[in-house]
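See below for the structure under consideration.
These figures come from a predicted structure and were not determined experimentally. Both ligands and their constituent atoms are indexed starting at 1 by order of listing. As a basis for the values below, the full set of heavy atoms in this structure was taken, side chains included, without hydrogen atoms, waters or symmetry mates. Quick note: residue numbers are just sequence positions, from 1.
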Amino acid sequence: MRLQGRVAIVTGGAGGIGKETAELFAREGARVAIWDFDDSGSEVAAAIAKDGGQAIFVKTDVSRAEDVEQALEKTEKDLGPVEILINNAGITRDGFLTKMDLENWQKVMDVNLTGIFNCARVVAPGMMERQSGVIINSSSVVGVYGNVGQTNYSATKSGVIGMTKTWSKELGKKGVRVNAVAPGFVATPMTDKVPEKILDKMKGSTPLGRLGQPRDIAQAYLYLASEEASFVNGAVLQVDGGLVL
Ligand code: CAA
Ligand code: NAI
C-alpha cells in the first residue's frame, strides 16, 4: 500500500493509461478523483468502489479553467486536500505540417498544454502551503524526438518538459516535487487510430519488441508519486522500451 490514505487526482482517468492509473492507485490505498469529460469515468469510479477502493468521478474539461477550479473544490470537499496530481489527459489531431489547420493546432494546445497548466495552477497553492505534494505530467517520446505528422502534439509534449523543469525549480523549495513521464507507443484508444503499418514500424524500432501497455505507464506514475521517489524532482522518465524515433 504505497499510497495509503493519500488523495490523488488522475486527469483523463476514464480511459487508457488514466483508467489503469486510477485503478492501480486505488489498489495502493489512494483516494482517487477521476477528472475527465467522458461520462464513462463514473463507471471506472464505481468499479473501483466495488473492489473496495475509494474513487469519485468529477466531470471536467481540463482545457477550461473554470471547470478545473470547480473540480478542485468538489474533490477537496469530498476527499480532502490533494496530495498527488497526475496530469495525464491528452489528445492527438495528427497531420502533416502543410495539411494541419489552425483548429487542430489550437485544440491540441488547449488540452495538452493549457490543460496541464490549468490543473497545476489550481492545485499547487495548497500543496505549497502544506509544504508537500507531487505533480506528474504526461509528456511523450514524441516530445523528445519529434514524429512525422505530429507538429502540434510534439510541440505540446516538448512544452510539458519545459513546464515540468520550471515547476520543479519554482515548487521544489516549497516541498512539492514535479516530474514528467515520457511514454513510447502504448496500446490504448489513442494509438488505435494510428495506421497498422506505422505501429509495426514503432514495434520494430523498439529494442524490447512490443508496444507499451497502460500498466507500464501507471507503474511509472506510481513510482514517481510514492515516497520511493522522494529525491526525484525535475526528471523526465522515459518509459518506451528503448524506442528512438
Ligand atoms: N515515419 C516515416 N514515414 C511516415 C511516417 C512515419 N512515422 N508516417 C507517415 N509516413 C509516410 C507514409 O509512409 C507515406 O509515405 P509515401 O508517400 O512514400 O507512401 C507518407 O508519409 C504520407 O503518409 P499518408 O499517406 O499516411 O499521408 P496522410 O496525409 O494521409 O496522413 C499522417 C499523414 C496523418 C501523418 C498519417 O501518416 C499518420 O496518422 N501517421 C501516424 C502519426 C503518428 O505516429 N501518430 C502517433 C499517435 S499516438 C501518440 O501520439 C502517442 C504518443 O505520444 C506516441
Ligand atoms: P486515451 O485517448 O486512451 O485517453 C485519454 C483520456 O483523456 C480519455 O479518457 C479522454 O476522455 C480524456 N481527455 C481528453 N481530453 C480531455 C479534456 N479536455 N479534459 C478531460 N479529459 C480529457 O489516451 P492515452 O493513450 O491513455 O494517453 C494518456 C496520456 O498519455 C496522454 O496525455 C497522451 O498524450 C500520453 N501518451 C500516450 C501515449 C500512447 O502511445 N498511448 C504515448 C505517450 C504519451
Any idea which protein heavy atom is nearest [atom], and the distance to it?
| atom | answer |
| --- | --- |
| atom 42 (C) of ligand 1 | D94 OD2, 3.4 Å |
| atom 33 (C) of ligand 1 | F96 CE1, 3.4 Å |
| atom 37 (O) of ligand 1 | I198 CD1, 3.9 Å |
| atom 35 (C) of ligand 2 | S138 OG, 3.2 Å |
| atom 20 (C) of ligand 2 | T60 O, 3.2 Å |
| atom 44 (C) of ligand 2 | S139 O, 3.3 Å |
| atom 24 (P) of ligand 2 | T188 OG1, 3.7 Å |
| atom 8 (C) of ligand 2 | D36 OD2, 3.6 Å |
| atom 3 (O) of ligand 2 | P189 CD, 3.3 Å |
| atom 19 (N) of ligand 2 | V62 N, 3.0 Å |
| atom 38 (C) of ligand 2 | G184 O, 3.9 Å |

Indicate yes or no for a side-chain donor-acceptor contact from [X] to the backbone of [Y] under 3.5 Å, with no hydrogens or angles considered.
| X | Y | value |
| --- | --- | --- |
| K165 | G234 | yes |
| S139 | K157 | yes |
| R177 | A229 | yes |

Checklist entry - Looking at G16, which atoms of ligand 2 are within less than 4.0 Å of one of its heavy atoms? => result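 Within the 4.0 Å cut-off of G16, ligand 2 contributes 3 (O), 26 (O).
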
Using a 4.0 Å cutoff against the non-hydrogen atoms of [X], which atoms of ligand 1 qualify?
| X | value |
| --- | --- |
| S140 | 52 (C), 53 (O), 54 (C) |
| V194 | 46 (C), 47 (C), 48 (S) |
| T191 | 48 (S) |

State whether [X] and [Y] are salt-bridged, where the test is any N-O pair (Lys NZ or Arg NE/NH1/NH2 against Asp/Glu carboxylate O) under 4.0 Å.
| X | Y | result |
| --- | --- | --- |
| R210 | D216 | yes |
| E228 | R2 | yes |
| K107 | E103 | no |

Checklist entry - Backbone, side chain, both or neither: what part of I17 comes under 4.0 angstrom of ligand 2, heavy atoms only? => result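 Under 4.0 Å from ligand 2, I17 contributes backbone and side-chain atoms.
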
Next on the checklist: One residue to check: K157. Relative to ligand 2, which of side chain, backbone, both or neither has a non-hydrogen atom less than 4.0 Å away?
Outcome noted: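 For K157, only side-chain atoms sit under 4.0 Å from ligand 2.
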
Counting only heavy atoms, tell me which of [options] gets closest to [atom].
| atom | options | value |
| --- | --- | --- |
| atom 39 (C) of ligand 2 | V186, D240, I217 | V186 |
| atom 16 (C) of ligand 2 | F185, F37, W35, Y153 | F37 |
| atom 29 (O) of ligand 1 | K99, M202, M100 | K99 |
| atom 43 (C) of ligand 1 | T156, N147, D192, L211 | N147 |

Checklist entry - In terms of side-chain heavy atoms, does S63 have a donor or acceptor partner in D61 at a distance below 3.5 Å? => result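 Yes - a donor-acceptor pair under 3.5 Å links their side chains.
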
Item to check | Residue pair N147 / Y153, side-chain donor-acceptor N/O under 3.5 Å | outcome: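 Note: N147 and Y153 side chains miss the donor-acceptor criterion.
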
Between [X] and ligand 1, which residue portion shows a heavy-atom distance shorter than 4.0 Å: side chain, backbone, both, or neither?
| X | result |
| --- | --- |
| K201 | side chain |
| P195 | side chain |
| V148 | both |
| V186 | neither |

Checklist entry - Does atom 47 (C) of ligand 1 have a protein non-hydrogen atom under 4.0 Å from it? => result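 Neighbour list for atom 47 (C) of ligand 1 includes protein heavy atoms (cut-off 4.0 Å).
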
Checklist entry - How far apart are the C-alpha atoms of I17 and N88, what are their side-chain angles, what is the distance that settles it, and do they pass the side-chain contact (heavy atoms from CB on, under 4.5 Å) test? => result CA-CA 8 Å; I17 294 166; N88 167 80; 3.7 Å; yes

Checklist entry - Quick one: does V111 get an N or O within less than 3.5 Å of an N or O on ligand 2? => result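 N/O-N/O distance under 3.5 Å: no.
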
Item to check | Close approach of K197 to ligand 1, heavy atoms, under 4.0 angstrom | outcome: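 Judged by the 4.0 Å heavy-atom criterion, K197 does count as contacting ligand 1.
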
Next on the checklist: When you compare the side chain of I84 with that of I9, does any pair of heavy atoms fall below 4.5 Å?
Outcome noted: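 They are not in contact (no side-chain heavy atoms under 4.5 Å apart), so the answer is no.
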
